[in-house]
Each structure stands twice: as C-alpha cells, then as structure tokens.
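I have placed the structure first, in the form of structure tokens, so that the comments after it can refer back to it.
Sequential numbering from 1 along the given sequence is applied to the chain's residues.
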Amino acid sequence: MQEGELIKKSAEGNQGAFEQLIAPYMQSVVNHAYMMLGDKEDACDMAQEAFVKAFVSVKSFGGQSSFKTWLFKIATNVCLDFLRKKKRRPNVLSLTIEGEDTNAVMSDVADTQFSPDTILESNELKDAIIKAINSLDAEYRAAIVLRELEGMDYKSISKVLGVSLGTVKSRINRARLQLREKLLEYKELF
C-alpha cells in the first residue's frame with residue numbers, strides 16, 4: 001500500500017494500516033527520542049507516547065508536510081514536554097551514557113575490520129559526542145539531532161519545531177559551536 005492510502009485507512013481507525021505506516025520510522029523515532037532525552041527507557045516511553053498521539057491525531061494530518069516530518073514534530077514535542085516536566089523535578093537529565101545504549105543508537109559506526117584499539121577509540125568518541133549532545137539546551141539539541149542524525153533539511157526542521165527558518169539555522173549554528181567547544185577536551189580522539 002502507498003503511504004497516502006495507509007494514512008487514509010489509519011484516519012479511519014485501522015490500526016494495522018497505522019502500524020505499516022509508522023514501521024519505517026519506528027527505530028528513527030526511538031533514536032531521536034534517545035538523543036533528546038539521554039535515557040533509553042525514557043526514549044522508548046516517549047516514542048511510544050508519540051506513536052499513540054500520532055494515531056489519535058492522524059485524522060488531522062493535512063499533508064502540508066511529509067508524514068515523516070509530521071511524526072517527528074509530534075515526537076519532538078513529546079520529548080520537549082517531558083524535559084520541561086522533568087526540569088521541574090530535582091534531577092534534570094542524566095548525562096551518563098551506558099555502552100549498551102550507545103551501541104543501540106549508533107551501532108553502524110563500528111566496523112569489524114578495525115583493530116581493538118580503534119574500536120575502543122570509536123566507542124569513546126561516540127560516548128563523548130552523545131554526552132556533548134545531551135548537555136545542550138533542549139531547543140539546540142532538537143535542531144542538531146534532526147539535522148545531523150535524522151538528515152532533515154532546514155525547512156522540515158522548521159516545520160517540526162514550529163519556528164522560523166532563521167531560528168533553525170541559528171540554533172543549529174549555536175549547537176555546532178557549543179558541541180565544538182565541549183568536544184575540545186576529546187581532541188585526541190579525532
């Protein structure tokens with residue numbers, strides 16, 4: 001079935017069609033949530049919440065953007081809401097990265113042809129990058145994750161975040177500058 005037909009059937013309440021519709025995006029949404037939240041369990045919970053909200057709201061999908069952009073907007077908003085609620089509590093955001101979580105998010109980085117030393121450096125670099133991303137303010141983190149990890153163009157990011165194109169460019173630029181600064185202490189890994 002084509003995406004348009006799946007959207008129509010999903011809007012009619014067909015759960016099977018909706019599952020087919022979101023199947024290509026499921027892992028990307030979970031990875032996006034992980035990069036936004038820095039916690040695997042929270043990421044899975046918020047991705048699930050985003051899928052539920054998307055299913056309930058699919059009737060309102062007007063096609064002004066791609067379905068992927070629309071879905072990522074929902075996922076981003078769910079994560080930002082979660083971060084706002086969590087910020088009100090004493091523990092804001094864990095910057096601890098477990099090796100297992102890191103591999104789940106960026107498993108395609110490691111190459112089996114590398115020596116053990118190279119693999120260790122690669123894992124250390126992934127950990128450093130993820131820690132740096134997780135330390136960014138939520139609005140910068142959302143923009144840089146959508147651009148660099150999800151490969152979205154600026155216009156799509158603008159729609160997902162609900163901000164102007166100039167704001168997107170500014171946030172991505174500031175995020176890159178902050179990441180560069182935070183990663184200077186790991187320059188031996190580059």
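Of the possible polar contacts, none joining the Thr76 side chain to the Lys73 backbone as a donor-acceptor pair under 3.5 Å is found. Asp153 places a side-chain N or O within 3.5 Å of a backbone atom of Lys155 that can act as its donor or acceptor partner. Between the side chain of Ser158 and the backbone N or O of Tyr154, no donor-acceptor pair lies under 3.5 Å. Judged by distance alone, the side chain of Lys182 and the main-chain N or O of Lys131 form no donor-acceptor pair under 3.5 Å. A donor-acceptor pair under 3.5 Å is absent between the side-chain atoms of Arg171 and the main chain of Tyr140, judged by distance alone.
Contact between Cys79 and Met46 at its shortest, heavy atoms only, is SG-CB, 4.2 Å. Residues Leu83 and Ala138 approach most closely at CD1-CB, 3.8 Å, considering heavy atoms. Leu179 and Ile133 make their closest contact through CD2-N, 3.6 Å (heavy atoms, listed as atom of the first residue, atom of the second, distance). Closest approach of Ser10 and Ala17 over heavy atoms only: OG-C, 3.5 Å. Residues Ala128 and Leu183 come closest through the heavy atom pair O-CD2, 3.6 Å. For the pair Val29 and Ala47, the tightest heavy-atom approach, listed with the atom from each and the gap, is CG1-CB, 4.0 Å.
Note that CG of Leu149 is 11.5 Å distant from CE of Met36, once rounded to the nearest 0.5 Å. Atom NZ of Lys9 sits about 9.0 Å away from atom CD of Gln20, to the nearest 0.5 Å. Of the inter-residue distances, the one linking Asn31 atom CG with Lys40 atom NZ reads 10.5 Å to the nearest 0.5 angstrom. Note that CD of Glu139 and CG of Leu80 are 8.5 Å apart. Values are rounded to the nearest 0.5 Å. The OG1 atom of Thr69 sits 8.5 Å away from the CZ atom of Phe61 when rounded to the nearest 0.5 Å. Note that NE2 of His32 is 10.5 Å distant from CZ of Arg141, once rounded to the nearest 0.5 Å.
Qualifying salt bridge (charged side-chain N to carboxylate O under 4.0 Å, His left out) partners for Lys53, counting only residues two or more places apart in sequence or in other chains: Glu49. Evaluation of the salt bridge (charged side-chain N to carboxylate O under 4.0 Å, His left out) rule for Arg176 yields Glu148 as partners, not counting sequence neighbours.
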For Leu165 and Lys169: C-alpha separation, side-chain torsions, deciding distance, then whether side-chain contact (heavy atoms from CB on, under 4.5 Å) applies.
CA-CA 6 Å; Leu165 195 58; Lys169 290 178 181 179; 4.1 Å; yes
In sequence, state the C-alpha distance, the side-chain angles, and the governing distance for Leu146 and Leu161, and then conclude on side-chain contact (heavy atoms from CB on, under 4.5 Å).
CA-CA 10 Å; Leu146 290 170; Leu161 298 178; 4.1 Å; yes
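Taking the side chain as every heavy atom from C-beta outward, Asp45 and Gln48 never approach each other to under 4.5 Å. A 4.5 Å side-chain heavy-atom check between Phe82 and Val78 finds every atom pair outside the cut-off. Two residues are said to be in side-chain contact when any heavy atoms from C-beta on lie closer than 4.5 Å; Ile144 and Gln178 fail this criterion. Residues Phe51 and Leu71 are in side-chain contact: their nearest non-hydrogen atoms beyond the backbone lie under 4.5 Å apart.
Side chains of Ser57 and Ser60: no donor on one and acceptor on the other come within 3.5 Å.
Note: the hydrophobic cluster containing Met26 also contains Phe72 (ILVMFWY, side chain heavy atoms under 4.5 Å, direct or indirect links). In terms of hydrophobic clustering, with Ile, Leu, Val, Met, Phe, Trp and Tyr side chains grouped at heavy-atom distances under 4.5 Å, Phe18 and Val30 are assigned to different clusters.
For Lys8, the NZ atom sits in a loose shell: 12 or fewer heavy atoms of surrounding residues, nucleotides or ligands are nearer than 6.0 Å.
Classified by interplanar angle (parallel below 30°, tilted 30° to 60°, perpendicular above 60°), the ring pair Phe67/Tyr25 is tilted.
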